[in-house]
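Everything below concerns the one structure shown next.
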Amino acid sequence: MPRKGENIYKRKDGRWEGRYICGKKPDGKKKYGSVYGKTYMEVKQKLITLKSSIKIDFNSVQFKAAACKWLDYSKQRVKLSTHANYTYIVEKHLLPYFKNKNVESIDIPCVNHFINEKLKNGKLKQNKGISKKYMQDILSILKSIMKFCEQEYNTPYKIATVTSPRPEKKEIDVLKKDDMKKLSSYLTKNTDRINICILIAMFTGLRIGEVCGLKWSDFNYKDKTLTIRQTVQRITNNKGSTVLIRTTPKTSASARTIPIPDKLCKIIYTKIEKNSEYISNAEPYTVRRRFKHVLEMCDVKNMRFHDLRHNFASWGLRLNFDIKTLSEILGHSNTAMTLNLYAHTSMEQKKKYMDLLKL
């Protein structure tokens with residue numbers, strides 16, 4: 001069967017047609033030719049033979065121009081926040097290294113040298129390397145641009161086998177019961193709107209953008225539920241500054257309705273003004289800063305706000321949440337993601353089950 005991007009399709013007369021780039025028009029745009037056959041495989045083989053024999057001079061295509069065109073192409077296909085991330089990576093990491101290079105000159109040794117440099121001292125404003133995880137993200141975008149160039153300019157795609165070092169899997173550090181009680185006690189005794197948001201994240205596993213995006217209309221006191229319909233993010237723009245945006249949740253699975261504990265439900269109902277549009281009225285940066293202050297006040301070890309999500313998931317498994325339920329509460333696209341992230345934290349439960357086996 002034909003794959004997306006192959007330019008092979010079945011005609012109404014029953015034959016198969018494959019299109020290929022055979023040259024350039026005077027205005028620089030691609031010029032196409034066609035081959036025909038009785039079967040898909042016949043046409044595909046003809047295209048492979050033709051593409052290997054046709055040489056088109058596209059050396060004038062610089063990486064900077066190609067990357068900008070790819071960004072324009074992707075703008076219509078991804079969320080605004082995702083496109084802002086793409087733009088940041090292209091402008092801050094890829095262009096400083098590749099902008100003066102011709103697309104055709106970017107090969108495996110060139111990219112491997114780039115990866116090594118980034119891992120050594122690629123962190124912006126700091127003289128140290130970026131993380132292996134972030135390097136994977138950068139390489140993924142570079143490969144997408146080069147694949148786009150292959151389709152757009154017929155340049156050879158030389159970096160398919162390049163890989164970035166795999167990041168080490170970090171152990172999730174779960175809060176101890178005493179620390180959880182400290183945080184819960186402090187937050188329930190000091191219930192302003194931001195502290196309530198921290199409490200919500202602590203007992204639901206919501207992402208920080210989801211918490212900040214909660215409206216009063218998303219809260220159902222009768223059913224004791226919260227509905228996640230949007231997320232709040234601060235992204236960079238093309239003018240050297242940032243803007244706060246409200247957009248759809250991360251994935252389709254992230255748009256969800258979840259039940260909440262009785263006590264949390266009562267706190268939200270009694271402490272948040274009924275005429276408020278948003279439960280928080282704060283952006284993620286403000287909530288993160290407050291969270292750091294709360295940790296200090298409670299004498300609890302320093303941690304990221306996102307670790308509250310990991311902590312909720314880990315304790316859920318310890319309390320025997322089934323994996324399907326936990327996955328839906330967290331808004332994961334599938335249970336495999338939940339298992340991959342958190343299954344190792346249920347070792348105590350595994351031991352309990354194994355002890356049931358009798359020799």
Side-chain angles (χ1 to χ4, degrees), residues 1-80 82-91 93-112 114 136-163 238:
M1 291 296 292
R3 294 182 180 179
K4 187 177 181 181
E6 281 187 326
N7 254 344
I8 301 175
Y9 60 94
K10 195 170 186 179
R11 294 163 53 95
K12 290 182 180 180
D13 61 9
R15 292 185 300 164
W16 288 85
E17 178 179 353
R19 299 181 75 224
Y20 63 96
I21 302 171
C22 60
K24 289 195 296 184
K25 296 178 182 179
D27 60 2
K29 292 183 179 179
K30 294 176 289 186
K31 182 180 178 181
Y32 287 94
S34 295
V35 294
Y36 304 90
K38 294 180 179 179
T39 65
Y40 159 73
M41 287 305 299
E42 180 186 351
V43 170
K44 185 172 182 178
Q45 189 56 52
K46 286 182 179 180
L47 286 178
I48 292 172
T49 303
L50 275 169
K51 287 180 179 179
S52 63
S53 62
I54 295 174
K55 301 296 181 183
I56 305 170
D57 182 17
F58 281 110
N59 282 328
S60 60
V61 178
Q62 287 194 318
F63 179 82
K64 182 177 180 179
C68 290
K69 192 167 184 178
W70 176 81
L71 283 172
D72 287 340
Y73 171 83
S74 63
K75 193 171 187 177
Q76 308 302 321
R77 292 164 172 76
V78 297
K79 293 171 61 176
L80 182 62
T82 303
H83 188 264
N85 183 50
Y86 288 172
T87 303
Y88 183 85
I89 287 176
V90 167
E91 292 181 351
H93 294 284
L94 295 178
L95 288 186
Y97 190 89
F98 294 106
K99 67 178 179 181
N100 294 323
K101 293 182 180 294
N102 292 325
V103 170
E104 206 168 64
S105 70
I106 300 175
D107 54 14
I108 293 175
C110 175
V111 175
N112 280 336
F114 167 71
Q136 285 185 335
D137 296 340
I138 294 172
L139 181 59
S140 175
I141 290 176
L142 176 60
K143 284 188 171 186
S144 294
I145 294 171
M146 297 302 290
K147 193 68 179 175
F148 171 77
C149 290
E150 181 189 41
Q151 297 171 353
E152 188 72 11
Y153 306 114
N154 204 36
T155 54
Y157 180 56
K158 301 177 181 179
I159 63 171
T161 58
V162 176
T163 57
N238 296 326

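Predicted, not measured: the structure shown is a model, and the values here were computed from it. Counting begins at 1 with the first residue of the sequence.
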Salt bridge (Lys or Arg N to Asp or Glu O under 4.0 Å) contacts touching residues 153-162 (sequence neighbours left out): none
Residue pair L95 / A67: nearest heavy atoms and the distance that separates them: CD2-CB, 4.4 Å
Nearest non-hydrogen partners of A66 and V61, listed with the distance: CB-CG1, 4.3 Å
With sequence neighbours left out, what residues match [X] under salt bridge (Lys or Arg N to Asp or Glu O under 4.0 Å)?
X	result
R11	D13, E17
D137	K133
K147	E150
K69	E152

Once side chain to side chain donor-acceptor pair (under 3.5 Å) is applied, do any residues pair with [X], and if so which ones, sequence neighbours excluded?
X	answer
Q45	none
Y97	H113
T82	none
K64	none

Check: K75 and Y86 side chains under 4.5 Å, non-hydrogen atoms: no
4.5 Å side-chain heavy-atom contact, I145 and V90: yes
With H93 via ring pair (Phe, Tyr, Trp, His ring centres under 6.0 Å) - residues at least two apart: Y134
Residues forming a ring pair (Phe, Tyr, Trp, His ring centres under 6.0 Å) with F98, sequence neighbours excluded: F63, F114
Nearest-0.5 Å distance, [atom1] of residue [X] to [atom2] of residue [Y]:
X	Y	atom1	atom2	answer
L139	I159	CG	CD1	6.5 Å
L142	W70	CG	CH2	10.0 Å
I8	S34	CD1	OG	11.5 Å
R15	K38	CZ	NZ	11.0 Å
L71	F148	CG	CZ	9.5 Å
K10	Y40	NZ	OH	13.5 Å

Main-chain N/O of H83 paired with T87 side-chain donor or acceptor, under 3.5 Å: yes
Check: K46 side chain, Y36 main-chain N or O, donor-acceptor pair, under 3.5 Å: yes
Partner residues of T39 under the side chain to side chain contact (heavy atoms under 4.5 Å, CB included) criterion, sequence neighbours left out: M41, E42
Trace of the side-chain contact (heavy atoms from CB on, under 4.5 Å) decision for Y153 with V103: CA-CA 10 Å; Y153 306 114; V103 170; 5.6 Å; no
